[in-house]
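Note: hydrogens, waters and symmetry copies are ignored here, and every other heavy atom, side chains too, is used.
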Amino acid sequence: RHTALNNTIISSAAVPHSDLLVFGTSSGAVLTFDQVENRVEREVHMEFPPAFLSISHDGAIIFAFGEKGLIQAYDLSLQHIMLYGVLEESPTHKYLDLGKYFK
């Protein structure tokens, strides 16, 4: 199958028990792609390129990891899920920065 995208795909993951694939691009976009319909379902742009994508075992949550310890989470409709550390009163960004804990 061939589908034209404007950016380079740098990460991908398959949603368990589904026909959906998730792609991350070099411009910071996360896309859900329906293999049956052969089309992009949804797209969201992040503040960093997703170097690695992981899907929860039940397929409900997409985790996008940046190269410098940044993590952002989405549900399957690509709605943002707020993540923050235990010591944070309220999150200041849409992502969790674990890079500040490692050197």
Side-chain angles (χ1 to χ4, degrees):
R1 295 185 179 158
H2 299 281
T3 300
L5 293 175
N6 293 332
N7 290 297
T8 304
I9 294 174
I10 59 172
S11 55
S12 64
V15 178
H17 316 292
S18 171
D19 293 321
L20 289 178
L21 297 174
V22 181
F23 297 117
T25 70
S26 57
S27 69
V30 175
L31 314 159
T32 55
F33 181 81
D34 187 322
Q35 297 180 79
V36 174
E37 299 292 326
N38 198 35
R39 66 184 172 101
V40 173
E41 290 282 314
R42 292 177 178 82
E43 180 176 350
V44 67
H45 291 275
M46 303 174 38
E47 295 182 35
F48 56 90
F52 179 75
L53 295 170
S54 181
I55 313 294
S56 63
H57 65 84
D58 60 356
I61 301 174
I62 300 166
F63 295 97
F65 299 87
E67 291 180 344
K68 297 183 179 182
L70 304 177
I71 303 172
Q72 198 159 348
Y74 300 94
D75 64 12
L76 274 183
S77 63
L78 294 183
Q79 296 297 312
H80 176 72
I81 298 173
M82 192 63 73
L83 300 174
Y84 56 96
V86 182
L87 299 177
E88 295 179 67
E89 291 183 22
S90 64
T92 56
H93 301 287
K94 288 187 173 184
Y95 55 84
L96 179 61
D97 184 1
L98 295 181
K100 62 186 176 185
Y101 299 108
F102 303 98
K103 298 262 178 185

Acceptor/donor pairs from residues 53-61 side chains to any protein atom, 3.5 angstrom cut, sequence neighbours excluded:
residue	atom	partner	partner atom	Å
S56	OG	D58	OD1	2.7
S56	OG	A60	N	3.1
S56	OG	I61	N	3.0
D58	OD1	A60	N	3.1

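Residue I9 is grouped with residue V40 when hydrophobic side chains (ILVMFWY) are merged at heavy-atom distances under 4.5 angstrom, including chains of intermediate members. L76 is connected to V30 through a chain of hydrophobic side-chain contacts under 4.5 Å among Ile, Leu, Val, Met, Phe, Trp and Tyr, so both are in one cluster. Taken together through direct or relayed side-chain contacts under 4.5 Å among Ile, Leu, Val, Met, Phe, Trp and Tyr, L31 and V44 form parts of separate hydrophobic clusters. Residues L96 and F63 share a hydrophobic cluster, clusters being chains of Ile/Leu/Val/Met/Phe/Trp/Tyr side chains in contact below 4.5 Å.
Residues meeting the side-chain hydrogen bond (donor to acceptor under 3.5 Å, both in side chains) test with Y74, sequence neighbours left out: Q72. Contacts of E41 classified as side-chain hydrogen bond (donor to acceptor under 3.5 Å, both in side chains), with partners at least two apart in sequence or in another chain: R39. A search for ring pair (Phe, Tyr, Trp, His ring centres under 6.0 Å) contacts involving F65 returns F52, not counting sequence neighbours. Residues meeting the side chain to side chain contact (heavy atoms under 4.5 Å, CB included) test with S26, sequence neighbours left out: N7, T8, I10. Qualifying side-chain hydrogen bond (donor to acceptor under 3.5 Å, both in side chains) partners for E43, counting only residues two or more places apart in sequence or in other chains: H45. Here S18 pairs with nothing under the side-chain hydrogen bond (donor to acceptor under 3.5 Å, both in side chains) rule; sequence neighbours left out.
Distance check: E47 CD to L70 CG gives 9.0 Å after rounding to the nearest 0.5 Å. With rounding to the nearest 0.5 angstrom, the OG1 atom of T32 is 9.5 Å from the CG atom of L21.
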Determine, stepwise, if the pair I62 / V15 fulfils side chain to side chain contact (heavy atoms under 4.5 Å, CB included).
-> CA-CA 9 Å; I62 300 166; V15 178; 5.6 Å; no

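In plain terms, the two heavy atoms of P50 and A29 that are nearest each other are CG-O, 3.9 Å.
Proximity of D34 to L20: side-chain heavy atoms (C-beta onward) are separated by under 4.5 Å at one or more points.
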